[in-house]
K.L.:
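Below you'll find the structure I mean.
Only this structure's heavy atoms are used, side chains among them; waters, hydrogens and symmetry mates stay out. Since the structure is predicted, the reported quantities are computational estimates derived from the model, not experimental observations. All chains are named by letter (A, B, ...) in the order of the sequence lines, taking the proteins before the strands, and each is independently numbered beginning at 1.
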Amino acid sequence: MMDKRYDAKAAEAKWYPIWEQSGFFHDEPGKGSPYSVVIPPPNVTGILHMGHALNQTIQDVLVRWRRMCGFNTLWLPGTDHAGIATQNVVEKALRKEGKRRQDLGREAFVERVWEWKRQYGGTIVHQQRMLGNSTDWRRERFTFDEGCSKAVAKVFTQLYNEGLIYKGNYIVNWCPRCGTALANDEVEHEANHGHLWYVRYPVVGSAAGVKGELNKDYIMVATTRPETLPGDTAVAVNPKDERFTAIVGKKVILPLTGREIPVLADDYVEKEFGTGIVKITPAHDPNDFLVGKRHGLEEINIMNDDGTMNDLAGAKYAGMDRFECRKVLVEDLEAGGFLDHIEDYDNQVGHCYRCHEVVESRLSKQWFVKMKPLAEPAVEAVKNGSVRFVPDRWSKIYFNWMNNIQDWCISRQLWWGHRIPAYYLKGDAERLFVAETAEEALEKARKATGNASLTMADLEQDPDVLDTWFSSWLWPFSTMGWPEKTADLDYYYPTTDLVTAQDIIFFWVARMMMAGIHFMGKPPFSNIVIHGIVRDAQGRKMSKSLGNSLDPLEIIGAYSADALRFSLALITSLECDTKVDKSKFEIGRNFATKIWNAARFLQMNAEELGLDVRAPLAGISGLSSDEKHILLAADKACRKIDDTLSRYRIQDGALAVYDFFWTQICDGYVEYAKDAADKKRAFAILADVFWKALRLLHPYMPFVTEEVAHQLGYLADGETIMRASFPKGYTDEEKSAWGLDEATYAFVDAKRAMITDLRALRGEYKISPAAFVKVTVQSRDEETAALLRADVETLKKAMRAESVEITTDKAELAMPGKLGALGTVYLSLDGLVDKAAESKRIAGELKKLEGFIKGAEAKLANKQFTDHAPAQIVETARKQLEENRQKQAQLQKLAKLFS
RNA sequence: GGGCGCUUAGCUCAGUUGGUUAGAGCAUUACCUUCACACGGUAGGGGUCACUGGUCCGAGUCCAGUAGCGCCCACCA
């Protein structure tokens with residue numbers, strides 16, 4: 001016997017290990033059609049948040065569904081080594097010991113990070129198990145494991161040999177205090193109350209024809225960073241700015257240095273801002289850098305790593321701190337008559353997220369991937385439909401980005417990550433050898449130099465590591481064993497679906513497209529499913545600093561994993577972001593409870609009736625209309641859910657299975673079954689549709705469905721619902737043998753509406769729900785009457801009636817009634833109501849009806865309406881009018897009754 | 001500045017190609033502890049579908065404009 005309450009915790013703790021250890025998550029390549037998905041690997045330092053829960057629920061629903069449909073499935077799990085995030089975690093721990101990474105040295109530090117990974121890196125994969133993910137843990141991968149690292153080295157080498165990787169100057173965010181480059185998202189922008197300094201640059205030669213704010217002698221620029229002035233190599237104006245067309249191409253003199261620099265025209269310049277003229281300092285500003293690239297400008301780096309000025313800034317300033325230099329240099333400008341005036345100005349300044357120092361844009365040598373040649377085929381793949389975005393609108397955003405793609409800076413000045421496989425001859429940074437292994441690099445060096453006695457000691461590996469995304473973009477195939485030719489790769493690549501949130505389309509999805517096409521010759525997936533971001537009840541992004549995060553594990557503890565999953569699925573639309581608060585998870589919990597209780601009800605009755613829930617339905621006959629109805633409802637549910645999932649409409653599928661279970665089975669059929677004439681048949685049918693319902697629900701709520709399936713005896717020990725077949729609708733043969741048709745389906749809906757009407761009548765006349773009443777049903781026609789008579793016993797019970805009389809007699813019925821699709825249901829009042837009040841109410845209703853009838857008559861008399869509306873619509877309008885006239889007639893009789 | 005969205009019940013959202021009375025959950029009101037379930041049942045209240053105009057026999061749905069909100073990218077030297 002099932003327990004009175006469902007113990008979700010116990011069920012979850014029981015089933016997950018069984019599933020995993022039985023190999024239910026694992027398929028081998030070979031048989032059947034493949035369905036494969038790679039998980040977006042979470043950071044190894046990460047802990048599970050709502051975004052993961054949503055992302056993985058969607059994937060697990062799809063994977064479990066496909067698996068039950070008979071696909072050979074692979075959902076490949078793993079984690080990302082997350083270069084800077086992981087390095088920071090370990091450095092933080094070191095700081096507690098009073099050490100820096102430099103104290104350990106590179107090798108020991110990296111070993112220390114591995115140590116950390118071995119000890120704590122399993123947190124998130126453990127948490128993913130709590131969600132119920134059916135990921136194939138036997139194939140778990142890590143972006144920094146041996147295989148993935150091999151793939152990285154191979155890819156780097158190949159791209160280098162193809163001329164798609166190069167080394168060049170680039171502006172990075174540099175923290176002078178930490179001595180490291182920072183990624184864009186590691187820079188925190190803060191409001192800064194600063195100044196705009198207006199500086200005069202004398203024009204070389206004549207300035208005739210120059211208009212506006214200029215005079216003949218100089219032009220004026222506005223800058224927030226005067227100390228970078230010695231690094232200027234041009235000034236620029238907007239090409240459409242007519243004020244300045246005359247000076248484009250001329251030269252100006254850079255104050256304090258006497259150097260002549262050109263005046264350029266570039267779209268980057270805003271006409272309205274400042275003076276409309278910008279100083280260009282390519283080595284110290286990201287935008288200026290790009291302008292410099294476009295115009296072939298010299299890049300003059302005037303700063304040292306620690307934020308002090310170097311010799312190129314000029315002898316006077318060399319050695320000064322950048323902010324001290326700003327002060328001194330401004331004084332010098334003023335003294336030289338170059339400073340026009342100063343304005344207050346508020347802008348955003350980047351700070352190091354770790355030490356809060358003002359971040360410097362700094363020119364440095366970095367490694368790059370040429371993206372244009374890689375991007376073009378990736379654009380084409382989406383254009384020609386071989387890869388599809390779901391929803392489709394994301395393809396526009398993808399194209400927009402891909403068509404404006406910039407080269408990808410892939411080197412990072414960190415220690416934790418894939419070290420760049422480039423080796424230099426010691427003391428000669430220009431002689432470099434790129435190879436997958438050090439040995440190969442040495443071989444190359446020997447050949448190139450003609451010196452066969454070179455050893456590893458003569459080579460030096462590039463100290464930088466690769467951007468974390470440089471391993472992630474290979475994820476769909478590096479995880480399957482590439483560059484080896486493996487059976488997995490052969491069978492499961494390309495994967496079918498990729499499910500991710502919108503925020504990493506550029507970082508990850510677009511790059512995987514490029515790598516997949518370039519190295520495998522095929523895009524890495526067919527469908528890119530993009531879902532929204534999880535937000536809090538106020539619509540804010542969930543974040544630690546806001547403290548508005550909901551912890552999925554806390555939700556699982558309070559409501560169960562099934563509740564978390566189902567609620568997320570139900571409230572999630574692919575179209576937009578999802579607002580979540582704790583109360584949302586009650587939906588899922590309540591649903592699990594409902595299922596449990598319905599199962600108990602079935603079990604109790606099955607036992608009493610000696611019913612085998614697994615017995616096939618094939619032999620049954622003589623079905624009542626309610627029985628036909630639930631069978632057809634099951635049929636519809638199977639088809640609907642299959643259809644919605646195949647279109648990635650996760651929410652619609654959840655809604656459909658919820659409605660089928662709760663409304664159709666529990667509210668509709670179970671209530672019928674309680675009073676069915678042939679209980680054994682009624683419950684055999686319930687057992688059959690219940691089993692279908694459990695399997696339909698399983699992708700959303702794996703634990704409760706597995707538990708209930710075993711409790712009820714649908715499955716024996718060792719079997720699992722995970723691998724049961726996903727239910728299909730009934731066959732045409734079954735349908736016709738049982739007499740399932742839309743007319744019967746509609747009849748039962750209408751019959752239930754009639755019961756509702758009767759209950760409403762009791763309510764209107766304030767008759768106790770407990771009281772037995774007399775009911776008369778005036779059926780629409782003889783055929784309907786026959787159907788209703790067949791169900792008269794269940795009607796009596798549902799209506800709590802001492803008698804239900806079915807008639808087609810159009811004789812006058814002086815009782816209150818409600819018109820439904822099957823006819824009118826009348827309630828005998830037995831003289832129990834307040835006549836005066838009723839009389840008044842009826843008069844009111846009559847008045848309303850009268851108005852409606854007049855309106856409808858006018859509509860039908862309108863020639864335009866009858867000529868242009870489709871016949872069906874006109875017919876409907878006529879019917880409505882007729883029905884309301886009948887209603888009016890009944891009310892008039894009723895009015896007499898109360899008068 | 002460029003791009004993409006959103007506005008439907010008190011709240012969170014569905015609403016497929018235009019077509020009878022615009023749906024669900026939560027919240028709310030009344031009644032019900034009836035032997036599956038109060039994490040429940042029954043019945044009800046609550047919507048000028050942001051606004052304006054257009055197309056059409058017919059618009060929540062299509063078109064144009066207005067207002068408000070949000071996100072992404074680039075960020076103003």
K.L.:
Roughly how many Å is it from CG in A/Leu570 to C1' in B/rG15, rounded to a whole number?
P.N.:
15 Å
K.L.:
Using 4.0 Å as the upper bound for N to carboxylate O, is an ion pair formed by A/Asp643 and A/Arg647?
P.N.:
yes
K.L.:
Round to a whole Å and report the spacing from CD of A/Gln651 to C1' of B/rG23.
P.N.:
13 Å
K.L.:
Mind checking ring-ring contact (aromatic ring centres under 6.0 Å, His included) for A/Phe703 and listing every partner two or more places apart, or none if nothing turns up?
P.N.:
A/Trp19
K.L.:
For the C1' atoms, the ones on B/rU21 and on B/rU29, what distance do you get once it is rounded to whole angstrom?
P.N.:
23 Å
K.L.:
Between B/rU61 and B/rA36, how far is it from one P atom to the other, in whole Å?
P.N.:
47 Å
K.L.:
When all nucleic acid strands are considered with a 4.0 Å heavy-atom cut-off, which category describes A/Gly588: base, sugar-phosphate, or nothing?
P.N.:
nothing
K.L.:
Under 4.0 Å, counting only non-hydrogen atoms across every strand here, what does A/Thr756 touch: a base, just sugar-phosphate, or nothing?
P.N.:
sugar-phosphate
K.L.:
Any side-chain donor-acceptor pair under 3.5 Å between A/Glu607 and A/Gln603?
P.N.:
no
K.L.:
Taking the inter-plane angle between the rings of A/Phe566 and A/Phe591 on a 0 to 90° scale, is it parallel (under 30°), tilted (30 to 60°) or perpendicular (over 60°)?
P.N.:
tilted
K.L.:
Distances under 3.5 Å only, N/O to N/O: pair up the protein atoms with those of nucleotides 27-37 of chain B.
P.N.:
residue: B/rA36; atom: O2'; partner: A/Asn597; partner atom: OD1; Å: 3.2
residue: B/rA36; atom: O2'; partner: A/Arg600; partner atom: NH1; Å: 2.9
residue: B/rA36; atom: N7; partner: A/Lys674; partner atom: NZ; Å: 3.4
residue: B/rA36; atom: N6; partner: A/Glu671; partner atom: OE2; Å: 3.4
residue: B/rA36; atom: N3; partner: A/Asn597; partner atom: O; Å: 3.2
residue: B/rA36; atom: N3; partner: A/Ala598; partner atom: N; Å: 3.3
residue: B/rC37; atom: O4'; partner: A/Asn597; partner atom: OD1; Å: 3.3
residue: B/rC37; atom: O4'; partner: A/Asn597; partner atom: ND2; Å: 3.4
residue: B/rC37; atom: O2'; partner: A/Asn597; partner atom: ND2; Å: 3.1
residue: B/rC37; atom: O2; partner: A/Lys594; partner atom: NZ; Å: 2.8
residue: B/rC37; atom: N3; partner: A/Lys594; partner atom: NZ; Å: 3.1

K.L.:
Could you work out the separation of B/rA50 and B/rC31 based on their P atoms and round it to a whole Å?
P.N.:
37 Å
K.L.:
List the steps and the verdict of side chain to side chain contact (heavy atoms under 4.5 Å, CB included) for A/Tyr658 and A/Ile587.
P.N.:
CA-CA 10 Å; A/Tyr658 186 85; A/Ile587 304 170; 4.3 Å; yes
K.L.:
Expressed in whole Å, how much space separates the P atoms belonging to B/rC39 and B/rU34?
P.N.:
15 Å
K.L.:
Kindly indicate whether the side chain of A/Ile595, heavy atoms from C-beta on, has any atom under 4.5 Å from the side chain of A/Thr705.
P.N.:
no
K.L.:
Taking atom C1' in both B/rG45 and B/rC6, compute the distance separating them and give it to the nearest angstrom.
P.N.:
29 Å
K.L.:
Which part of the nucleic acid, if any, lies within contact of A/Arg759, taking any heavy atom under 4.0 Å across all strands shown: a base, the sugar-phosphate backbone alone, or nothing?
P.N.:
sugar-phosphate
K.L.:
In whole Å, I'd like the distance from the CG atom of A/Leu827 to the C1' atom of B/rA43.
P.N.:
14 Å
K.L.:
What distance, rounded to whole Å, do you find between the two P atoms, one in B/rG15 and one in B/rC62?
P.N.:
12 Å
K.L.:
Heavy-atom nearest nucleotide on RNA chain B for A/Ala760 versus A/Lys396: which residue maps closer to 5'?
P.N.:
A/Lys396
K.L.:
Please tabulate, for the side chains in residues 659-667 of chain A, all donor-acceptor contacts under 3.5 angstrom to protein atoms that are two or more places apart in sequence or on a different chain.
P.N.:
residue: A/Asp659; atom: OD1; partner: A/Thr663; partner atom: OG1; Å: 3.0

K.L.:
Which atom pairs, donor and acceptor, lie under 3.5 Å between side-chain atoms of residues 227-239 of chain A and protein residues at least two apart or in another chain?
P.N.:
residue: A/Glu227; atom: OE1; partner: A/Arg326; partner atom: NE; Å: 2.8
residue: A/Glu227; atom: OE2; partner: A/Arg225; partner atom: NE; Å: 3.3
residue: A/Glu227; atom: OE2; partner: A/Arg225; partner atom: NH2; Å: 3.2
residue: A/Glu227; atom: OE2; partner: A/Arg326; partner atom: NH2; Å: 3.1
residue: A/Thr228; atom: OG1; partner: A/Arg225; partner atom: O; Å: 2.9
residue: A/Thr228; atom: OG1; partner: A/Lys279; partner atom: NZ; Å: 2.7
residue: A/Asp232; atom: OD1; partner: A/Lys279; partner atom: NZ; Å: 2.9
residue: A/Asp232; atom: OD1; partner: A/Thr281; partner atom: OG1; Å: 2.7
residue: A/Asp232; atom: OD2; partner: A/Tyr201; partner atom: OH; Å: 2.6
residue: A/Thr233; atom: OG1; partner: A/Glu298; partner atom: O; Å: 3.1
residue: A/Asn238; atom: OD1; partner: A/Lys240; partner atom: N; Å: 2.7
residue: A/Asn238; atom: ND2; partner: A/Val269; partner atom: O; Å: 2.7

K.L.:
Rounding to the closest angstrom, what is the interatomic distance between B/rG47 and B/rA9 at atom C1'?
P.N.:
5 Å
K.L.:
Categorize A/Asn287 for me: base, sugar-phosphate, or nothing, with a 4.0 angstrom heavy-atom threshold over every strand shown.
P.N.:
sugar-phosphate
K.L.:
Without decimals, in angstroms, what is the distance between A/Asn173 CG and B/rC75 P?
P.N.:
11 Å
K.L.:
When you get a sec, tell me which of B/rG25, B/rC73, B/rC39 is the closest nucleotide to the side chain of A/Tyr658?
P.N.:
B/rG25
K.L.:
Can you sort out the partners of A/Tyr669 under ring-ring contact (aromatic ring centres under 6.0 Å, His included), two or more places apart, ordered by chain and number?
P.N.:
A/Tyr672
K.L.:
Requiring both pairing distances under 3.5 angstrom, list the stems that contain RNA chain B and are made of three or more consecutive Watson-Crick or G-U pairs.
P.N.:
B:1-7 with B:67-73, B:10-13 with B:23-26, B:28-32 with B:40-44, B:50-54 with B:62-66
K.L.:
Indicate yes or no: does A/Glu742 engage A/Lys636 in a salt bridge with an N to O separation below 4.0 Å.
P.N.:
yes
K.L.:
Kindly indicate whether the side chain of A/Arg362, heavy atoms from C-beta on, has any atom under 4.5 Å from the side chain of A/His284.
P.N.:
no
K.L.:
To the nearest Å, how far apart are A/Ile397 CD1 and B/rC73 C1'?
P.N.:
10 Å
K.L.:
Round to the nearest Å and state the distance from A/Ile533 atom CD1 to B/rG5 atom C1'.
P.N.:
13 Å
K.L.:
Under 4.0 Å between a side-chain N or O of A/Arg649 and OP1 or OP2 of B/rG15?
P.N.:
yes
K.L.:
Please measure how far the P atom in B/rC51 lies from the corresponding atom in B/rG60, and state the result in whole Å.
P.N.:
11 Å
K.L.:
Could you tell me whether A/Val269 contacts a base, only the sugar-phosphate backbone, or nothing, with contacts defined as non-hydrogen atoms closer than 4.0 Å?
P.N.:
base
K.L.:
Atom CG of A/Asp266 to atom P of B/rC75: distance rounded to whole Å?
P.N.:
13 Å
K.L.:
B/rC72 P sits how many Å from A/Phe506 CZ, rounded?
P.N.:
11 Å
